[in-house]
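Down below is the structure, laid out as structure tokens.
Throughout, residue positions are numbered sequentially from 1 according to the sequence presented.
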Amino acid sequence: MEIAYLQTPIGLTEFEGDENGLAAVRVLDTKKPIGIIPEVLEDAVYQFREYFEGNRKNFDLKLNPLGTDFQKNVWKLLQEIPFGKTISYLELSKKLGDPKAIRAVASANGKNPLWIIVPCHRVIGSNGDLVGYAGGLHRKKWLLEHESPAKQMALF
């Protein structure tokens, strides 16, 4: 597996993948030297730059995440959530065909290895609260605001 890094507004992003596809994208709370980007990861880094610049809403990358069949089904559904929209864990469970699978869906969501590409940040609580995000709720809030169609300017 090849590794690459990109500094983003909300942390250092680590990309891991090979010719079979992108296996993982993580946000890190550490500092590492960025270094040379391996050719196999250049497109992923490029698309992330576009995303954070506000010029990309969807990713077009070959993916190869490791997970169970159930997790992969949840991750596939997550990719169907439109840019700028959110869905609740309950709604996601219903789309999967089992409204009682909320905990299993939440667990699969939390194990998502492809940060932002598989947009688990778009899943919220049934009451609209920002809940459960492996990258930290401050990052989830930032990502949802970044994707919001109505950009609000700070007053102060």
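In the hydrophobic clustering of ILVMFWY residues, with side-chain heavy atoms under 4.5 Å counting as a link, Leu22 and Val45 come out together. Hydrophobic clustering of Ile, Leu, Val, Met, Phe, Trp and Tyr side chains at less than 4.5 Å, counting indirect connections, unites Val40 with Leu63. At a threshold of 4.5 Å between side-chain heavy atoms, the hydrophobic network of Ile, Leu, Val, Met, Phe, Trp and Tyr places Phe83 and Trp115 in one connected group. Each of Val27 and Leu12 belongs to its own hydrophobic cluster when Ile, Leu, Val, Met, Phe, Trp and Tyr are linked at side-chain heavy-atom distances under 4.5 angstrom.
Asp18 CG to Glu2 CD: the interatomic distance, rounded to the nearest 0.5 Å, is 8.0 Å. Note: Ile10 CD1 to Leu143 CG = 4.0 Å, rounded to the nearest 0.5 Å. Rounded to the nearest 0.5 Å, atoms OG1 (Thr13) and CD1 (Ile34) are 9.0 Å apart. The structure places CG of Leu66 at 10.0 Å from CD of Gln71, a figure rounded to the nearest 0.5 Å.
Although no hydrogens or angles enter the test, the distance criterion places a donor-acceptor pair under 3.5 Å between the side chain of Asn127 and the main chain of Asp129. A side-chain donor-acceptor contact under 3.5 Å links Lys62 to the backbone of Glu19.
Here Lys141 pairs with Glu145 under the side chain to side chain donor-acceptor pair (under 3.5 Å) rule; sequence neighbours left out. In this structure, the side-chain contact (heavy atoms from CB on, under 4.5 Å) partners of Asn73, at least two apart in sequence or on a different chain, are Leu96. Taking the side-chain contact (heavy atoms from CB on, under 4.5 Å) definition, one finds that Leu137 meets it with Leu130, Tyr133, Lys140, sequence neighbours left out. Partners of Glu14 under the salt bridge (Lys or Arg N to Asp or Glu O under 4.0 Å) rule, at least two apart in sequence or in another chain, are Arg26. Every residue meeting the side-chain contact (heavy atoms from CB on, under 4.5 Å) condition with Asp60, not counting sequence neighbours, appears here in chain and number order: Gln47. Applying the side-chain contact (heavy atoms from CB on, under 4.5 Å) criterion to Lys72, with sequence neighbours excluded, gives Trp75. Looking at residues two or more places apart in sequence or on another chain, you find a salt bridge (Lys or Arg N to Asp or Glu O under 4.0 Å) between Asp29 and Arg139. With sequence neighbours left out, the salt bridge (Lys or Arg N to Asp or Glu O under 4.0 Å) criterion links Glu50 to Arg56.
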Throw together a table of side-chain donor-acceptor distances under 3.5 angstrom for residues 98-108, partners on residues two or more places apart or in other chains.
| unit_1 | atom_1 | unit_2 | atom_2 | d |
| --- | --- | --- | --- | --- |
| Asp98 | OD1 | Lys100 | N | 3.0 |
| Ser107 | OG | Lys111 | NZ | 3.1 |

Name every donor-acceptor pair, under 3.5 Å, that has one atom in a side chain of residues 116-126 and the other anywhere in the protein, sequence neighbours excluded.
| unit_1 | atom_1 | unit_2 | atom_2 | d |
| --- | --- | --- | --- | --- |
| His121 | NE2 | Glu147 | OE1 | 3.4 |
| His121 | NE2 | Glu147 | OE2 | 2.9 |
| Arg122 | NE | Glu147 | OE1 | 2.7 |
| Arg122 | NH1 | Ile81 | O | 2.7 |
| Arg122 | NH2 | Glu147 | OE1 | 3.3 |
| Arg122 | NH2 | Glu147 | OE2 | 3.1 |

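Annotation: side-chain hydrogen bond (donor to acceptor under 3.5 Å, both in side chains) contacts involving residues 78-94, sequence neighbours excluded, comprise Ser88-Glu91, Tyr89-Asn109. Residue pairs that meet the ring-ring contact (aromatic ring centres under 6.0 Å, His included) test with at least one member in residues 18-56, sequence neighbours left out, are Phe15-Phe48, Phe48-Phe59, Tyr51-Phe59, Tyr51-His146, Phe52-Trp142.
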Requested in this report: Kindly determine whether Leu78 and Leu92 satisfy side-chain contact (heavy atoms from CB on, under 4.5 Å), including the steps that lead there.
Outcome: CA-CA 8 Å; Leu78 290 172; Leu92 195 56; 3.6 Å; yes
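Of all heavy-atom pairs between Leu41 and Ile3, the closest is CD1-C, 3.7 Å. Across all their heavy atoms, Ala23 and Pro113 have their closest contact at O-CB, 3.7 Å. Shown here for Ile37 and Arg49, the closest heavy-atom pair between the two residues is CD1-NH2, 4.1 Å.
No more than 12 heavy atoms of other residues, nucleotides or ligands lie within 6.0 Å of CD in Glu39, so this atom counts as exposed by the packing criterion.
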